[in-house]
Each structure stands twice: as C-alpha cells, then as structure tokens.
Amino acid sequence: RTSKHPDTLVVATTYDAKTLDPYMTNDVASSNAMRQIYETLVAIDAEGNVVPSLAEKIDRVDGKTYRFTLKKGVTFHNGETLTADDALYSLKRAYERGASVRHILGVIDPAGFKKIDDLTFEVKTKEAMSSFLAALTHFGGGVILNQKAVEAAGDDYGFKPVGTGPYKLASWKKGDRMELERFEAYHGTKPEFPKMVLRVIPEASNRTIELESGDVDISFEVSSLDVSRVKANKNLELLTLVDTATTYMGFNCSKAPYDNEKLRQALTLAINIPGSVKAVFRGNAFPAYGPIAPNVKYSNNDLQPSKTDIKKAKKLLAEAGYPNGLTTTLWTNSKKVRVDMATIIQAQLKKIGVTVKIQVLEWGAYLQGLKDNKHELFIVGWTCQTPDPDMAVFPTFHSSQIGGNNFAAFGDAEVDALLDKARITPDGAERKALYFDIQDKLREKAPWVFLANKKIAYGMQNYLEGFTPSPYGFHALYEVKMKK
Amino acid sequence: MQTKKNSLWGQVFGRLKKNRMAMMGLFILFALLLTALFANVIAPFPFDEQDLFATLEGPSSAHWFGTDEFGRDIFSRIIYGSRISLQVGFVAVGFSVMAGGFIGAVAGYYGGRTDNILMRLMDILLSIPQLLLAISVAASLGPGLLNLMLAVGIAAIPQYARLVRASVLSIRDQEFVEAAVSVGSSDLRIICRHILPNCMAPIIVQATLGVAFAILIAAGLSFIGLGLEPPTPEWGAMLSGGREFIRDYPYMTVFPGLAIMITILGLNFLGDGLRDALDPKLKN
Amino acid sequence: MSDTPLLSIRDLSVRYSTDNGAVKAISDFHLSIDKGETLGLVGETGAGKTTMALSVMQLIADPPGRITGGEILFEGQDLTKTSEADMRKIRGGKIAMIFQDPMTSLNPIIPVDEQVAEMIALHNKVSKEEALKRALAMLETVGIQPDRAGEYPHQFSGGMKQRVIIAIALACNPALLIADEPTTALDVTIQAQVLELMKALKKKFDTAMIMITHDLGIVAETCDRVAIMYAGRIVEEATTELLYADPSHPYTQGLFASIPNVEEERESLAVIPGLPPDPTDMPKGCPFHPRCDKAMPRCSTETPQPVVREDGHMVACFLEGGDA
Amino acid sequence: MLGYILRRCAMLIPVILGVVFIVFVMMYVTPGDPARMVLGEQAPQEDVDNLRAEMGLDDPFLFQFGRYVYKAVVHGDIGRSYITKRPVWDELMTAFPITLKLSALAMGIALLVGIPCGIVTAVKQYSIFDNIVTLFALIGISMPVFWLGLLLILLFTVKLAWLPPSGFDSLAAMIMPAVTLGLQSVAIITRMTRSSMLEVVRQDYIRTARSKGQKESVVIRKHALPNALVPVVTIAGIQFGILLGGAVLTEIIFSIPGLGRLMVSSIEMRDYPMVQGGVLFIALAFCLVNLGVDLLYAWLDPRIKSQYT
Amino acid sequence: MSAPFIQVNNLKKYFDTKKGPLHAVDDVTFDINKGETLGLVGESGCGKSTTGRAVIRLLEPSSGEVLFNGSDILPLPKKEMKAMRAKMQMVFQDPYSSLNPRLSVSEIISEPLDVKGLGSSADRTQRVRELMDIVGLGSRLANAYPHELDGGRRQRVGIARALALNPEFLVLDEPVSALDVCIQAQVLNLLDTLQKEMGLTYLFISHDLSVVHHVSDRIAVMYLGRIVEMADYKTIFNAPVHAYTKALLSAITIPKPNLDRERIILEGDVPSPINPPPGCRFAGRCYYEKIGACTSETPALNEVSPGHFVACHLAEQVMADQMQGEAKAV
Ligand SMILES: Nc1ncnc2c1ncn2[C@@H]1O[C@H](COP(=O)(O)OP(=O)(O)OP(=O)(O)O)[C@@H](O)[C@H]1O
Ligand SMILES: Nc1ncnc2c1ncn2[C@@H]1O[C@H](COP(=O)(O)OP(=O)(O)OP(=O)(O)O)[C@@H](O)[C@H]1O
Ligand SMILES: [Mg+2]
Ligand SMILES: [Mg+2]
C-alpha cells in the first residue's frame, strides 16, 4: 500500500496541545508538538543518555556551573540567528515565568548566568544537582526561544511559536489539527515530509479505524483491544514501548490506619499484582516492581513484583492490630484502567477481610482531596518526566515534598538521607548503588503498592520507517521517512 | 354511602385494561419490578463475582449474556442492575417532575413577575452544563446514589417547569379554580389539589422518555465521583463501560442497552395508554 | 310537494362503540325534506341531532361511529353507498353544514377569506385569485366588509365568525344546508342578526335547510316543518303551525311546558321528571316511558310506531290514533 | 413587533448576570484548584500558591465576581483561558460555529424525520405503523451514542467508504455526527408531534375542513399540521438549546472540536474564564433560540402574534 | 325600608392589557334587598361576570364600594375577607368546567368545609349528605365523579358547594346557560325553592331574557361596562326606555309560529372596551335620533320614574313619545 497523501505525514494523537509556549504548560500533547518545532540545548538518545543538541559542547566547570557552547549558524523560524542571549533569556524566562515547568529546572540560579560571547554562556545552579542536564532535555523546560519573537508576540506567543526545530507551525485548528511545514533553513537533517499534520482523534477505536483506512500514517495510543487487530493487519506495523510512568496504589502514611507499616505490608501481600495487571491491561503492561520504571536509569531490573501471600498477609494484619480486618476507602479517578484496578483490588482485599469502598472522583476534586489529606488508599500514576531517577523518587517520597507530590505523605529519615545524597552524587556506580538501596527500602516500607508499568502501542503504516517512540511521550516525528 | 372510592382511578384503569399496548407496558414494568425485588433469587451469580479466567466470553449456556472484562456474569449484573437503574430513573425523574411541576405551576398560576423571575431562573439552569452542575452537587453534598439522582433531577427541572407552566396557563382560567378561590382555599391547596392533577398528560409523555435519559446521564456522572461505587451494577454504567469493547465484544453493550430499551418501551406503552385514559376529551 | 324529496332518510341507525358499550345514537330514523323547505329538528342534548347531520355528510368518525343500517337518499343517490371521492364532491358542493360552535369551527391560523376561498376552489374550476374574489363577494353578502376579510378568526366577534361559517356553507350554493344549532353560542342581539341573515339568504338561494336546535322559539320563527327527536328517534313531526297548536307527544308537551315564557305570568316551570335515557342502555319499548306521566303497561314492552294523521301530523305514541 | 424583540433582548441582561453569578458560585464551591490544574499535578505546592495569588483567586468571592462583570461590561473583556492563555472569545469563536452547524443539521434531521413520523403515527393511531415507529423512536432513545456512532462509521466509512470518519468541514463529514446527534431528538419530536396532532385532529375546524369536501391529505397538511406545530416548536427549541450546549460524546466519537468538548475539558481543568465564557455563550444562545421560538410561534399562530404588539 | 342588603357604589374594574386599560366595569351602582333577586343582563363581554366577581371580591375592584349589610367589604384585610367569604358565594356558568374533574362529588361539596376546617370529619360527611339532599342529589352519587353526571346534576353540585357554608348572598353567573331547556327548568325551580326556604339574596347573571324574566324581581341591563337601564322586571319588559333594552327584548324568540314581530336588528358590533368611545357607549349602534350629547357626554343613570333608572340622554323624550303612543292606542 502507498500513502494517500505522500507529501504529508499524518499523525493521530489523543489530545491537542494546550499551548506552544513551552513554559506555560507541562503536558505530553504540547511537548510532542513542541518537539517538532523547538529544540533544547541537550537531548536524550535512544539509550537515555544526555547528548548535545543546540549546544555543541557542554562543560561542567564546577559542581554548580555549566558552560555551553552553541552551534554556529542556527536560525530561528523568523530568520533570526541563535545567540547566547536567546538561550539565557529562555532559561531565565523558564525560571521566572514558567510556573508549570519551574520544578523541572528549579535549581537554576539566574543570578549566576553569564554570557561569555555570542555563542558561549555559563549557567549556574543553586546546588550541585546530578539531574540538571537531564532536566534540560525536557520539552517544557529546556527549550530555547527567540527573545525577539517572544517579546513581539506578548500574551499570544503560545500561538505564534518561533523555534529552531525542523518544522514550523503553519496553522492550528484547536481541538482538531495542527499543521506543520518543513523549515527549509533547518540546521540539521531536513525531514523528508514537507508537511506534517497532528490530528486530534480522542476516540481510540477511531484512531485505529483511520489507521486501517490509510487516512492516518501513525496513530498514538492504540488501545489494548485494537493491538491484535493492528498486528494482524499486513499494511500496518505495531510499535510498543514501556513508558516511564508507574501506576501505584498509595497509602496515606500520615495518619491512621496507614501510618502502620505492618498494615501496609499486609495489604501489599494480599494483592495479586501480575494477575490484576493481566486482567486490567490485557497484556499491555508489566507488573511493576519498584518506584523507578524499568526504562529509567538505575532501575533495578532484577527485582520481582511482590508475591502474593495471603497467609502472611493475614498474620501481618493481625499483628498490625486488625485481626478482623478493616473497612477502608480507595480513591481513584475516572480513568478506566484505574477504576478496573480498584475493582480487582477490592475483590482481592476482601479475602483478608479488608472491605474496600471505591470512590471514583473527578480529577480536580481528586487532587484537591489529596492536598487536603482526606485520602486513605488511592490509585494514581507518577511519570518520570526527565531521564533521571531523581525525578521518579524525590518528589514522591522525600518528606519535604509532603503536601506536594508526596501524596502518600511518606516521611522516613533514612530514605530522606539516601534521596538527598543520591541527587548530588555524580552519575556512576555510587549513584546507582544509592538508587538500588532506595528501591529496596521503599519496597520494604511499602508506602506504595507498585502496580503496573504500561506498554504504549503505536500503529504505523508499513510504508514508513524511522519512527522511534520515546518513553516520555514526545516523539521525534521529523525522523519518519518513506521506506525505500 | 357506598364504598366506590377511587372510582376515577378505577375508571382510568378500566379504560387502560382495554388498551392492549398499555397492559403490555404494565406487564413489562411489573416484570421489571419483580426482577429488581427478587434479583438475588433470579440471578445465577453474585453481581461482583469475578472470574479472571473467564473474561470477555460470549453468550453461552453458563453465561447467557456472556461475561465482562472481569469475568462477571453480565446476565446477573443486568438483573441486579435493575435495582439501581430503575431507582435512578424513577427517582430522578420523579424529583424533577415534582420540583419542575411545582415551579411551573407557581409560575403559571401567579403569572406576572413571579412567572418572569421563575422562568428566567429556569433559563439560567438550562444554560448551566450538566457536568458542572454534577460536580458542584458532588462537591457540596458528597458522592452517593441519592445525590446522583439529585444532580440528574435538578438538570431536568426546567423542562418540566416549562411544560407544566404551559398547561397551567390553560387550566388557571377554568372556573373550578375560581370556585376554589371563592370558598377561601389557599393558593397552595389550589395548586396542589386543583391544578397540578389536571395537567398530567404532557408530563407523562415527557417523563416516560425522561427515565431513559436519566439512566443514561447518570451513567456518565458515575465517573466523576457522583455515582455508585464499583462494582455496583447499573445499566447505564455497564453501557459506558462496554464502550471500548464495542468493536470486539458488542454483547457487552447490547444487553444493557436492551434492558434500558425494554424499560422505556414498557413505560411508553403505559404512558400512552395513561395519557389517553386520563384525557377528559376521550371520556364518554 | 314534488314527487321525490330532495333528501330522504329511511330506517337510519347509527351506533358508536364506546368503552361502556354500544351507543345507539340513532335508530329507525325516518325523515325527508323537499327542495327549498326548512325543517326544524328539535331535541335535547344527546338526542342524536348532530349525529344525524354528520351521517348525511358521511362524516361520522369511524371508529367509533358506524352507520349500521338504512339509507340516505339525496337526489335519489344513496349516500351510504357513495364512494369517498364522489362524496367529497357532494360535501360542500351540494350539501353544506354549519357547525354548532362558531368559536372553534374556524381554523385559527388561516385568514377567513382563504377559508371561504378554499371551499370555492374545491368545487369550481377557478383560479386562486378568482376564488378569493368570489370569497370576498360572498363575505360581503353575509355582511363582512372586504377590508376585514383578510383577518384571522380571533380578530372577529362570535357573530362575525358565525357569519363567516355561513359564508363558507353557502359559498357553492348548495341544495341542502344543515345548520347545527347555528346560534346557541351567540348573544341574543347577534342571534337575531344571524337568523335574519339566514332567512334572507335562504330566500335568495332557495336552499333547503335542516335547522337543528333546541330552541322552540327559533323554530317557530324560521321553519316550515318541525321534527321532535327523543333518544335517537323522531317522536313527532308536523308543520310548524300544526305542531305548535297541538303538541301531541307527551315529550313535546313537556318540552313546551318547561320554557319560561315572557308573555305569560310567572309561575313555577313544569318539568319533565328524570333524565334522558342512558344511550348505552335504552329502555325497552318507548324510550320515553320512564319519564312519561301517561305511560301505560304496553309502553314498556312495545315500541310505538309512527301514526300519521290526515293533516300529515305524525306522532309516535300509543296514545295516538286508534290504539289509544 | 420590534418593541417586543427589544424588550425580550433587554431581558437577556438579568439572565446573563444570573448565569454568571450562579456559575461563579458553583465554581467556588467545587473543589479543585485552577492554579494546580494549570501547573500540572507535578508542580510543587509553593508555585501553585503563588500562581493562585497572581490569578486573583485568593480575593474575596464578591470581589472576583465584581471584577469579572466590570471587565466584561466596561472593557468587553471576558478574559483569557487559564490553560491555553488564548482569549476566551477566540476559543469560543472556534468551537461555537462548529457546534452551531452540527446542532442545526441535527435539528434539521430531527424535524425532517420526526414531524412526518409523528403525523403518520397520529393519523393512524394504534396501527402497525404507529407501533413500529414508536419502537424505533424508543430504540433511538435507548441506543447509546457511541454505539450508533461506531455502527455508522463501520458501515459508511469502513465498509462502503462513502463518508469520512471524522471532520466537520464538509457536509459529507457532518452527516454521521448529525444523524447520531439528531436521533434522540427524532424520538422526542415524533412523540410530541403525535400527541399534539391527536389533539388537533379532534378539533371542530378539522371537521369544517372535511365538510368542505377537502381531501384528507390536504386537511392534515393544511389545517391540522400548522396548528399542531406550536408545542412541537417548543420542544424543538428546548432540544436545539440543549444541542447548542454541545454534545460531548458525539464530538468525541467523531473528533469534532465543538463546544461540548471544550466545556467539559474546561470544567475538568477548572479553567474558570473558559467555563464562564462558555456558559455565557450557551445562555445567550438559549435565549436567542427562545426568542426565535417565540417569533416562530407568532409566525405560526396569528393569535399569539397579536399578543406581541 | 331598612338599608339595602347589598349596596354597590361606583364600582369600577379596569384590567391592564398591553393595549391599555380595559374598562370591564365602569362606574356601576346598584343595590339588592334581602331576599330579592336582581337580574343582570347584557351582551357577552359587557362585564356581567366581572361585576359579579368584583362584588364578592373574587376580583379586586379598581375602585368603588361594596356594602354588605351596611359595611364596606373592600378594605377588609385578607384574613377577615376569608371569613366573609362564607356569607357570599358564587355559582358558575359552566357546570362542566366549574367542577374539578378529578374530585368526587362529596369531595367537591366538602371542599369549603375542609378549607374552613369546620367540625369533625363525620360532621362534614353528615353536612355533605344534607346538602346533597337539599339540592336533590341522590346520596348514591357521593362518590361519583363530575364526568359521570349530566349537566343538571353537575350544576346542582355547584349549587351545593355554594350553599355549604350557609351563605346569605349568591352570585349566580349564568347558572343555566349551558343547560338544556328541560334541565334548565329543573335548576330554575330549585333556585326558586332555595330562595324561598332560606331567604337567600341573588344576583342573577344571564344573557337570556326569558330566564331573567322568570326569576328576577328587578333587572339591570348592562352595556359595555355600564348599567344602561334598571327597573323591576315588569317595567323593563313592558315599558323599556333605553334603545338597547328594546333591542334585547325584540330579539327574544317566542315559541309561536307566524308571530311576525318587528325585530330591531342592531347594526355593527360592540366597540372595544379598551378606550371606549366618549359619550354614550351605545351611540354607535343606537337607532334613536341622536343629539350632540350622545357622542360627547356620558349619560348618567337617572331615575326616570320611581325605581326605574335609565342612562340615556334621550330618556325623557322617549318616555314622552311612549306616553303619547299609549295614549293614542287607548
Ligand atoms: N364520537 C362519539 N363517540 C361515542 N358516542 C358519541 C360520539 N358522538 C356522539 N355520541 C353519542 O351519541 C349520542 C348522540 O349524540 P349527538 O352529538 O348526535 O347529540 P346531539 O343531539 O347533537 O346533542 P347536542 O344537543 O348536545 O349537540 C349521544 O348519546 C352521544 O353521547
Ligand atoms: N382577567 C381579565 N383580564 C383582562 N380582561 C378581562 C379579564 N376578564 C375579563 N376581561 C374583559 O372584561 C370584559 C368583561 O368581561 P366579563 O367576563 O365580565 O363579561 P361577561 O359580560 O360576563 O361576558 P360573557 O357573557 O361572555 O360571560 C371583556 O371584554 C373581557 O374580555
Ligand atoms: Mg349536537
Ligand atoms: Mg360571563
């Protein structure tokens, strides 16, 4: 089969981008669009290593100071040439105005920025952070903008993006499609397709139908039920990967009854994780074994999902002071997999005498409830947005983050110390050991029941090649080519 | 005096009895009621019994309507679901009919400024998205079946209010209303005893269809924290739950859809019959 | 009298099937009317007057109503056996009807001239404009000025509406006009206007007319002949003078006695005791016998047959003629 | 007539103000922090709190309300979306025309199918046809939108390849969503027309028309139908108003970026200015539809028309 | 003679309509003695019902006085008025629409008792039975519903309801106009009996002159919101003065063939009560020879002979002509 629209790459996505101002949002759909338009100073390669991008050369002057040298002759979509001023302006703006992404680049210290020459500049961080360069790869955080364009567009910048990337924005019908057009003065390898269309098709089965009919070249998030259909279709190719998110059931460790470690362990042991994951995801997820998803650096791949042991669970339950079980509430939001997971957990906990009431909450109310510390058990997911394990475990388990993303309100001096240390230890064996240690500790103290690491499936026409899905959800679609 | 009480209803029923469709409707509703009452006797399986080794099976002799993604027996869930769905449908519609009916009656009866204010309030209510309304109800009153029904009910109030207002306007000027005033009846008494019972025909048409909408809307709301905790079976929720399976396992949605349809069918047959039986113009 | 009457109804029976059983609205009904004659048909509510008129028009709603027997000969043609298509030509064209209630008998959303023109266009091969022109002329004949002809019924008073209905009925110069209580819904002064108008028009077009009413005063004023109806039958029939001079059926006598008369001294009105019979459960024998103060034993078993006196005065009562 | 229209338009003001106020109250009591939704669940609480203050969400309730009304009335400014930062007006003007087109089409289909069905079912009350149409109407109501939507797509796109599966630019693309959306209204309009026609055919003036020797079909079309339409128009108006509020499921299934999806996502994201603006639009549309309905009444029924002067 | 039982002075009722105030009742004055029947006749829409309603305050009059037994009831606060209601009741025109189709006969009759909360429920049942007896309804009908009754019985139910609280004054708003002649006779007889037995006072509204003639002691003729002539019934019938009264009388149909009476056919229609024409309201249809005042001055209701009131500028002239005519005839 050949393409119905040879000049255009049509990609079906689930959501539309919110804005194309990188510092104003932090959502996957926007990042995915921005990845086609913008570039960052540094990027991640397929193995998850940080590599140069707009910056040709990166030197770590000292623990807190980095010196970047920009590529020469990089032009923006508006014809301006990339300079150190643009880069510094961008990072400063991210820190000052980019409330959505500030937590990613949070350690930056704009006071310490220094322009060396037109292409060279220094950036300082407040403390020595080993995850800093990884953070700069984030498409919400590390994108370099053109100062002039931003200032000219003012509040409307989100709709008049100017980047250095391979495509520039041609038109955008909100909620429907974004049309991109090849940037002919692109400094890198020019993409093959003169045009790219990012279409919004919320309904999963329709994405598949349009893929089958050839109206769409690549479809994101093929539903677990359509996976076999796409696989069986000889015109199509299925690509899967495991994303960096972990779905978990958290305990509110800050108050009774789940401030009781034994109780948490008991409940963990009562749940048949592999069985549940199989039932809920139908083969499109792996049982999770720890807080760091398998494709994030320093994830301990030797770990196994926790084993079900009803007898031991009951014993622990009795030891925790609940020989006759207890009644508890489990929160989830309306995502079907989470509700399904909750339903199965409910059935399983019944076996050790724990009666679970499920409450499905609307997302905004859910977050508010977590913030107000009204929760007991809750199911949610955490995505490691940058290729550094610090992002996976620090915001979620450090006691300083209680009231923030540490929804389990877990505070443990030992774990705190390890987390603090690991984030400043330079990459290497020592850091790896620290993170292995952290993973063990968290499994033992059981603030979470680690449930699943989702596989994400992408469907593609088999006349295409060169699409490498990224576990972070923003993909280098400009690399896609026609098969020769 | 002879005891011939309720002879109006007796007569209405007499007329209904001669209407075959209405009797069929009545029979269907009665059967549904029995199903709901004796769900635990009829259903072959408990509604929440999971069998992870027998998920998504098509209809068979063991599972008449097949099984869902957790291996639960769909037939049993539909049987049990009748309890909740009928409750949701009837209570929500009952609530909106009563509230809407009352508002419409007051607006129509007093007319003038009262009418204007109440009807503008109804316009306001109509413009508020159901989702926002539901979230607010959930937020201020908490989750649960009752509040769910309330949220569904509130949203439908304006429709009934308008309908009743229109009927009241035509009844308000009848002399029996004036007669009631002349003997000193209070306004409330007049509205409740003299006016409302006389404008039931259009409400019946609307309400019989309204039950279907209530069930379907309630299903949508159970996913924003207003509804019923899983695994409580409910037709509308089963319908929406089967959505992603529809291409491969259509029976997951066909059966709850049929259940809703049969209910509505029964209601409409009965409603049509009732409407005709109550219509004074059709009386001898 | 000419040889064949314009309309002659023989042995007509009409039934309505209702939840409470069959209603014999009309049974063994005989009536005939000559060209140009005016016949008054008098009877209390539910006697079957409207049903009779609708039978002639073949407009009885079926269900629930049905003509179960007899024939209706109009110009020699049996209307009960006439096809619907032919009937449509007769309706309006040859037989026209004025309905009981002028307030509800006009379509509220069509201008009145169009409602008259519709009738004209249906029975004459004329253009729309021509039909409208003739409609205006017709309306003028009944006293509605052309400048108001384009208005809607709600803008008219009751008397004007009734005049429009009369205009519709007379638009195609029918041979027979059936007027079903044309003035009961009107005010007395308006009633006088309308009656006057009808009399004039009748003379002008030489139309035969059946005037249905329960007002004996109107009959006295307008009709050549009267038929008194009780429970679906004619119980007495004669020329107006004869009948008013000598009401012979006990029901007719009761009817006359219960009218308050302004010309006589006031006294308590004589009333016919009881109520009209339940139409689903007619008494055996003479339907009037349960209310009749002169009832005899045979009245409750046999139905009295009409007896015609020499002067043409017909009475259906056992007290009449040789049987008394 | 003009005076009447003007008076009706003046009535918009209290309604709109009321809507804005009530929505303000509702959003006030609804849990969920707009600042949190803007920043995403991963942002630290401190940043969220700062943003809240910056957005003025910590101000007293009435002050916020007053500020909104002031800006809207004095500057005609109904704000920018918290999420996309685009002016609310622009966002609505993208979504609303699409919804308008879709609803109008759906309503057209509903009337085109519903009224004739209603007429025939009334004229042939209790006939086989009556029962069959009733059955279909009820199936229409109980059939979930996504079912019908998918069936249509599978048939007309996948099998027959006649229609595109999504989109809203061409009439062809709009057919399936409009049918899906209209089906529910078809049922209601059929039932209403039937009920109303049954009432009208018993009226005296229908008998008058028959007594003129008029054909039955003309009697129904010319004399009965226009009289029966008033309540149908009422219901159609309410339905149309509801459709204008957006039809989320249909929009999702056919990938249509209409008002329904916009509103739902705005509510979910606690994008207050968007919700406010959207509800304002819907209320306005509602009132205009109501006005339209009333004018239609006048057109249909001269008695009503005479009350408007 | 003591003061009249009911005294209505300068009663006005204007309705607000979009086109302006509608003068439904415009400056009406009359009185009724105890035990007397005043007949009120006139064309449809001339304000008869409005007058009847305003007199017992079912409608709030725009201005004027209604003295009941000497005291004005119009300023009474709502509560006291409710108590007052018991003494004055109304029987309505249409027996079909004046009874709630969903209540049984006994429920309808006991409604006033229930509202007043009089006695125990057994007392009320007893009273209902009594009332049904009085109006001649068989007790087997207690649980019947209005649609099962014929018009005459329905009207009896309406009368029983009006009598429930032992009123002294009844407004009868066209109580027989919807009834058949035979049944009309039954109801008229009943009303007559009741009046004699209970000493009731009636305001009897009708457009049927023969009925009014039959029941009334005195008759008031209304035209477009005003009383144009008022006198005892014999005077009205034998020596009418107002042109309208004469037209009304001539329109009566008399069940005698070949009477060949001269009919007065009025030309034109009743003018709109909104912005009624200046001067005499009947002027537009009047067949008397008009004078200037007819179209400029509103004629007052003057007593032309004892107890005979006429509102016509030409009254004296007409009276004189009539005297002459009579004299000639003699
Ligand atoms: N559509 C119908 N269905 C059932 N019964 C009917 C129907 N129409 C008339 N009847 C019955 O037939 C009988 C005669 O009715 P019809 O209308 O002919 O009387 P009428 O003499 O015209 O009375 P009125 O003076 O009230 O007009 C009555 O008993 C009536 O109840
Ligand atoms: N509630 C009202 N609002 C406005 N106008 C009214 C109202 N009630 C009556 N009218 C008008 O007041 C005038 C007098 O009405 P009323 O009912 O008193 O007349 P009536 O003499 O009783 O007539 P009918 O014989 O038709 O009963 C009429 O023009 C009528 O249209
Ligand atoms: Mg009749
Ligand atoms: Mg009146």
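In what follows, chains are A, B, ... by sequence order, proteins preceding strands, each numbered from 1.
Residues of residues 105-119 of chain B never come closer than 4.5 Å to chain E when only heavy atoms are counted.
Contact of E/Leu99 with chain B is made through the backbone alone, with heavy-atom distances under 4.5 Å.
Within the 4.5 Å cutoff, no side-chain heavy atoms of E/Glu111 are placed close to those of E/Asn100.
For the atom pair CZ of B/Phe95 and CD1 of B/Ile157, the computed distance is 4.5 Å after rounding to the nearest 0.5 Å.
With hydrogens and angles left out, the side-chain atoms of E/Gln195 and E/Thr37 include a donor and acceptor closer than 3.5 Å.
Aromatic pair E/Phe5/E/Phe68: ring centres closer than 6.0 Å.
With sequence neighbours left out, the side-chain hydrogen bond (donor to acceptor under 3.5 Å, both in side chains) criterion links E/Asn166 to E/Arg127. Residues that satisfy the side-chain hydrogen bond (donor to acceptor under 3.5 Å, both in side chains) test with E/Ser110, not counting sequence neighbours, are E/Asp114.
Residues in residues 74-92 of chain E take part in no side chain to side chain donor-acceptor pair (under 3.5 Å) pair, two or more places apart or across chains.
Between chain B and the residues E/Pro112, E/Ala83, E/Ala86, E/Ala162, the largest count of heavy-atom pairs under 4.5 Å involves E/Pro112.
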